[in-house]
There are 2 protein chains.
Amino acid sequence: MSTAEETAGGEVEPWDQVTPDAARRLLIAAVEAFAERGYHATTTRDIAGRAGMSPAALYIHYKTKEELLHRISRIGHDKALDILRTAARREGSATERLADAVSSFVRWHAGRRTTARVVQYELDALGPDARAEILALRRQVDAEVRGIIQEGVASGEFDVLDVRGTTLAVLSLCIDVARWFNVNGPRTPEEVGALYADLVLRMVGAG
Amino acid sequence: MSTAEETAGGEVEPWDQVTPDAARRLLIAAVEAFAERGYHATTTRDIAGRAGMSPAALYIHYKTKEELLHRISRIGHDKALDILRTAARREGSATERLADAVSSFVRWHAGRRTTARVVQYELDALGPDARAEILALRRQVDAEVRGIIQEGVASGEFDVLDVRGTTLAVLSLCIDVARWFNVNGPRTPEEVGALYADLVLRMVGAG
DNA sequence: GAGGAAGCTAAGCGCCCGCTCACCCTCGGC
DNA sequence: GCCGAGGGTGAGCGGGCGCTTAGCTTCCTC
């Protein structure tokens, strides 16, 4: 529920806010396991094992396996929203802010691929209440990007017919990076971020 | 293994090629279940139940649950490749062919969303051999789109710096439609296809 | 109308799942 | 030096999983 952000940058591991130490280790183990195999294919024994603990230890810190996913999803969405808000609210033209938003959002999806994969693709495994909470955050994510595009259209920087549809496409493009990005592949997160920022500016008819 | 295509159009339900009738009903039931809940969260009892049969009936037609996914994935990828090939090999400029490829590929991902979702997002659940077979098809899909973009660059229609990266982004954009498209949402598959064709032409600097 | 393949079911096997419980350390406070 | 709280374990429960098996029906063939 806390949205506190200690530093202005974005390079803090978001798991640092989780205490005690054992709970954090379990959470990180769960992120890795969920990202590799998917939520349903991951066993609580696997998560506990990765954290160097017995299966029962998990239930001291979390009520259920689903609570782990919920916590991960919440922290990840908070971080994603924070990245976009930072880009949207800096000074500069809509063009600059959209490029910044896309490149930093993409860098996060590529560089923190394991986390992003869980956050973006395991939503369906959450129960109704948790899913509703996360979906509200996603609407804020959408609004943030739509805001920049709308301002660019208003200022005449952008040429966009369907603002909602284009927003959807831009976010979709960024999010899908978590599906295909390969850490051992030929591109760095920075390179993909720069490429995507250029592609998105073309999509909105900037420059 | 057969790649025969009876009609020139693209409106045949691809499951029609599956016989006998009971095997097809099971396959369709599996597609629906996998799309709704994911492969690992789907039980063989659920699949059989949707097809109106007992759990054991599944194993008369398929050796394992994984074989069902393999068959679905194979048929789906054959269909996707067929759609792109048809667009790539028609007559017309690179601009026309790319727009055609994107709009028909997107229409399929939106209109046959259940199938596309399984095909695109449950790949990890396949064993090594089946996955390798499907990945080979995906490389062909990539090559088909890359070919059109390359021809557009050669003819001077397109202005693209990174052909491979742009190809990846175009395909990623289309594929992700299967994740977010909502049948009860405000857009028809045709509308999304048209919007996306326009966005992709902008991405490659056409027109 | 006997024989046999094909298609299906009821019952259930063996396994592993999420999760619990009884118990055991470790360590700060008095 | 005893106590209680917090963090941990080994063993295991109840249940649902993927899959198998024995046996039944249907229907085609001659």
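Letters A, B, ... mirror the listed sequences (proteins, then strands); counts begin at 1.
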Fill in: Electrostatic pair Asp124(B)-Arg179(A), nearest N-O below 4.0 angstrom
no

Discussion item. Distance check needed: dC17(C) P versus Glu66(A) CD, whole Å only.
Written reply: 19 Å

Item to complete: Could you state the atom-to-atom distance from CG of Asp21(B) to P of dA6(C) in whole Å?
Response: 18 Å

Worksheet item: Quick one: how far along DNA chain D does chain A reach, first to last nucleotide 5' to 3', anything under 4.0 Å to a heavy atom?
Response: dG8(D) to dG12(D)

Worksheet, complete the sentence: From the list Lys63(A), His70(A), Arg71(A), side chain to side chain donor-acceptor pair (under 3.5 Å) with Glu67(A) holds only for Arg71(A)

Worksheet entry | Side chains of Trp15(B) and Ile72(B) in contact at under 4.5 Å (non-hydrogen atoms) | yes

Fill in: Sidechain N-carboxylate O distance under 4.0 Å for Arg24(B), Asp21(B)
yes

Fill in: dT20(C) phosphate, OP1 or OP2, under 4.0 Å from Tyr59(A) side-chain N/O
no

Worksheet item: Closer than 4.0 Å, any side-chain N/O of His40(A) to the OP1 or OP2 of dC17(C)?
Response: no

Item to complete: Look at Arg50(B) together with Glu36(B) and state whether they make a salt bridge at an N to O cut-off of under 4.0 Å.
Response: yes

Fill in: Phosphate-side-chain proximity, Thr44(A) and dG18(C), N/O vs OP1/OP2 below 4.0 Å
yes

Practice prompt. Take Gln150(A) and Arg164(A) through the test side chain to side chain donor-acceptor pair (under 3.5 Å) and record every step on the way to the result.
Written response: CA-CA 9 Å; Gln150(A) 228 143 21; Arg164(A) 291 201 95 93; over 6 Å; no

Worksheet item: Base, backbone or nothing for each nucleotide of nucleotides 9-16 of chain C, written B, S, -, heavy atoms under 4.0 angstrom, 5' to 3'?
Response: BB-B----

Worksheet item: Is Asp78(B) salt-bridged to Arg74(B), cutoff N-O under 4.0 Å?
Response: yes

Worksheet entry | NZ/NE/NH1/NH2 to OD/OE distance under 4.0 Å, Arg97(A) and Asp100(A) | no

Worksheet item: Would a distance-only check, ignoring hydrogens and angles, find a side-chain to backbone donor-acceptor pair under 3.5 Å from Thr42(A) to Arg37(A)?
Response: no

Worksheet item: Quick one: which of Ile175(A), Val177(A), Ile83(A), Leu195(A) gives a side chain to side chain contact (heavy atoms under 4.5 Å, CB included) with Val106(A)?
Response: Val177(A)

Worksheet item: Phe105(B) vs His109(B) aromatic rings, parallel, tilted or perpendicular, using cut-offs 30° and 60°?
Response: perpendicular

Worksheet entry | Consecutive-pair stems (3 or more, Watson-Crick or G-U, under 3.5 Å) for DNA chain D | C:1-30 with D:1-30

